[in-house]
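The first residue in the sequence is number 1, and the count goes up from there. Since we're looking at a predicted model, the values are computed, not measured. Note that ligands are numbered from 1 as they come in the structure, with each ligand's atoms numbered from 1 the same way.
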Amino acid sequence: MKLTLKETAKAVNALNDVSKYENIEITGAEFDSRKVKKGDLFIPLKGARDGHEFLEKARENGAVLSLWSKDVPTPDDFPVLIVEDVLSAFQVLAQYYLQKKKPTVIAITGSNGKTTTKDMTAFVLATTFKTYKTQGNYNNEIGMPYTILSMPEDTEKLVLEMGMDHAGDLHLLSTLATPDIAAITLIGESHLEFFGTREAIAKGKMEIADGLKENGLLIVPSDEPLLKSFLENISQEIATFGWDNSADEYVTVLAEKREETIFQFSFSEKIMEIAVPGKYNARNALVASMIARRLGVSMEDIAQALAAVELTRNRTEWVESSVGAKMLSDVYNANPTAMGLVLDSFSQMETTGKRRVVLGDMLELGEASKVLHESMSEHLDSYNIEKVYLFGKEMKVLFDKIVENFPKGAVVHFDKEDKQALIELLKNDLQKEDLLLLKASNGMGLFEVVEALK
Ligand SMILES: N#Cc1c(NC(=O)c2cc(S(=O)(=O)N3CCOCC3)c(Cl)cc2Cl)sc2c1CCN(Cc1ccc(O)cc1)C2
């Protein structure tokens, strides 16, 4: 990214006069002060802590400018753009950058299929165009603007995953990104506890068309009756996909093997393959191919790319333990905000068994580490969570802080060297109906704990 101070100030509607600053250029935008590089714009978001507290760290790492809330005392020795609301300014800046660079924007949503379809689409488009895609789970109102502002200057095709937790989420993301192509991979059941009915989920998913360009294309499943009524209000072109010729384009699965799936699309004689099992991956490949064909990628390139696609393992899926407990190892974003958010949503999840959490150290939090690990106590309530297993030396302060608030023995702490002891205790404690959440920095190796419990 490359933006001048002046155009940035204008785009975010800065409230202060920036003419007193020399005209600098920003080459990136970051809200995690640890990731700030030279030339970045710092985005002080309210996470587990208020990002405004971390300007010094951002400055040390090379930030040249910062957005700044009008409600926070202004630093007098650092250039800032004072705004009504930092998050909105971040989003508006992303929208400005998108309108300036004008890549083709492809938006993809749907329950679990969206990540696979996003990866497949980007992989196929990359055979022919300079392509950029959503990284990790950066698919929400913070992650998507971040993705847009991280896009290389010469990006031709931008593949954005759009996540939906609540009604209104996709309306915001779609109107920000104004996609040229929008795809709903599946309506599914996720978040039923929030939406109440699958109709409400379908309505929420259809919001992805709210920002769709007039000459854009909406790609939807042909076998989803709940979408029918909403599609009547769509003025843009619609293409449906499915398993048979009731859809505009369909896929015929010829063979499902352990390591690959063999199939054929309605629009080509070619016998295709992807190096992953599961007929739903053939459906995801069909959506990716419909998008690629629409944008001019040849069938040869599509076939070659699909045969070689590597998928980022969908890393937030639930896996079952050997006794039947459900385990979620959320390996994304080991930062205080993400840990707090996942603890809050885990604490609300329906279960007939007990909720248990394994929390490992969050690394690289420097001198803020103690207070940030302790702050997780705000997300741990003995009413919702039966047992807390803390793992690593940074987590000792959290143990000391919460042990008194839980029944005797409900909070335990292990040093990193005692991973085996942690595994033995979990094997002993876990019951069939339990839910287990595991979250830590990758460096703590919690995936070994999950593997041992499977
Ligand atoms: N609160 C907080 C902190 C962070 N939070 C985030 O990065 C963050 C992550 C998330 S997220 O949940 O990970 N996320 C981001 C993108 O889309 C998917 C979801 C969100 Cl939504 C919001 C924020 Cl503000 S990163 C970070 C802190 C506080 C400490 N910082 C480093 C530091 C160490 C020592 C110091 O002296 C100063 C700073 C690093």
> With only distance considered, is N335 within less than 3.5 Å of ligand 1 through an N or O on each side?
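Yes, N335 has an N/O under 3.5 Å of an N/O on ligand 1.
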
> Ignoring hydrogens and geometry, is there a side-chain-to-backbone donor-acceptor pair from T131 to F129 under 3.5 Å?
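The answer is yes, because a donor-acceptor pair under 3.5 Å joins these two groups.
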
> Which atoms of ligand 1 are found less than 4.0 Å from any heavy atom of L341?
12 (O)

> Polar contacts were defined as any N/O atom of the residue lying under 3.5 Å from an N/O atom of the ligand; does this apply to E364 and ligand 1?
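Between E364 and ligand 1 (N or O atoms, distance only) the closest approach is not under 3.5 Å.
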
> Run the contact test for G51 against ligand 1 with a 4.0 Å cut-off on heavy atoms, strictly below, and give the result.
no

> Hey, which atoms in ligand 1 end up nearer than 4.0 Å to a heavy atom of L372?
28 (C), 29 (C)

> Quick one: pull up CD1 in I106 and CG in L160 and give me the separation to the nearest 0.5 Å.
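That separation rounds to 8.0 Å.
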
> Which of these, I142, D50, N139, N61, has its nearest heavy atom closest to atom 21 (Cl) of ligand 1?
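Residue with the shortest heavy-atom distance to the ligand atom: I142.
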
> Once rounded to the nearest 0.5 Å, what's the spacing between atom CD1 of I291 and atom CE of M120?
11.5 Å

> For R49, counting its heavy atoms only, list the atoms of ligand 1 lying under 4.0 Å from any of them.
1 (N)

> I'd like to check whether F54 has a polar contact with ligand 1, where a contact means an N/O of the residue lying under 3.5 Å from an N/O of the ligand.
no

> Using 4.0 Å as the upper bound for N to carboxylate O, is an ion pair formed by D434 and K387?
no

> Is the shortest N/O to N/O distance between N140 and ligand 1 below 3.5 Å?
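Such a contact does occur with ligand 1.
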
> Counting heavy atoms only, which part of A338 comes closer than 4.0 Å to ligand 1: side chain, backbone, both or neither?
both

> Identify whether the distance between the nearest side-chain nitrogen and carboxylate oxygen of K454 and E451 falls below 4.0 Å.
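A salt bridge links K454 with E451.
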
> Do any N or O atoms from the side chain of E153 and from the backbone of K2 form a donor-acceptor pair under 3.5 angstrom?
yes

> Looking at S33, which atoms of ligand 1 are within less than 4.0 Å of one of its heavy atoms?
30 (N), 31 (C), 32 (C), 38 (C)

> Quick one: does E367 get an N or O within less than 3.5 Å of an N or O on ligand 1?
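E367 vs ligand 1: N/O contact under 3.5 Å present.
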
> Can you confirm whether more than 12 heavy atoms, excluding those of E364, are under 6.0 Å from its CD atom?
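No, CD of E364 has 12 or fewer neighbouring heavy atoms, counting only those of other groups under 6.0 Å.
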
> Can you establish whether the number of heavy atoms outside K203 located under 6.0 Å from its atom NZ is more than 12?
no

> So if I count the atoms of ligand 1 from 1 in the order they appear, which ones are less than 4.0 Å from some heavy atom of A368?
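That gives atoms 34 (C), 35 (C) of ligand 1.
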
> Please list, in number order, the atoms of ligand 1 under 4.0 Å from a heavy atom of G143.
16 (C), 17 (O)

> Counting heavy atoms only, which of T337, D32, V371 is nearest atom 23 (C) of ligand 1?
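Result: the heavy atom closest to atom 23 (C) of ligand 1 is in T337.
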
> Which of the atoms in ligand 1, numbered in the order shown and given with their element, are less than 4.0 Å from a heavy-atom of N333?
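The atoms of ligand 1 under 4.0 Å from a heavy atom of N333 are 13 (O).
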
> Which word best sums up how the rings of W318 and F346 line up, parallel for under 30°, tilted for 30 to 60°, or perpendicular for over 60°?
parallel

> Salt bridge check, K393 against D361: does any charged N sit closer than 4.0 Å to a carboxylate O?
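Answer for the salt bridge query: no.
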
> With heavy atoms under 4.0 Å as the rule, classify the contact between Y146 and ligand 1 as side chain, backbone, both or neither.
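Under 4.0 Å from ligand 1, Y146 contributes no heavy atoms.
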
> Hey, is NZ on K213 packed in by over 12 heavy atoms from elsewhere, all under 6.0 Å?
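For K213, atom NZ is crowded (more than 12 foreign heavy atoms under 6.0 Å).
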
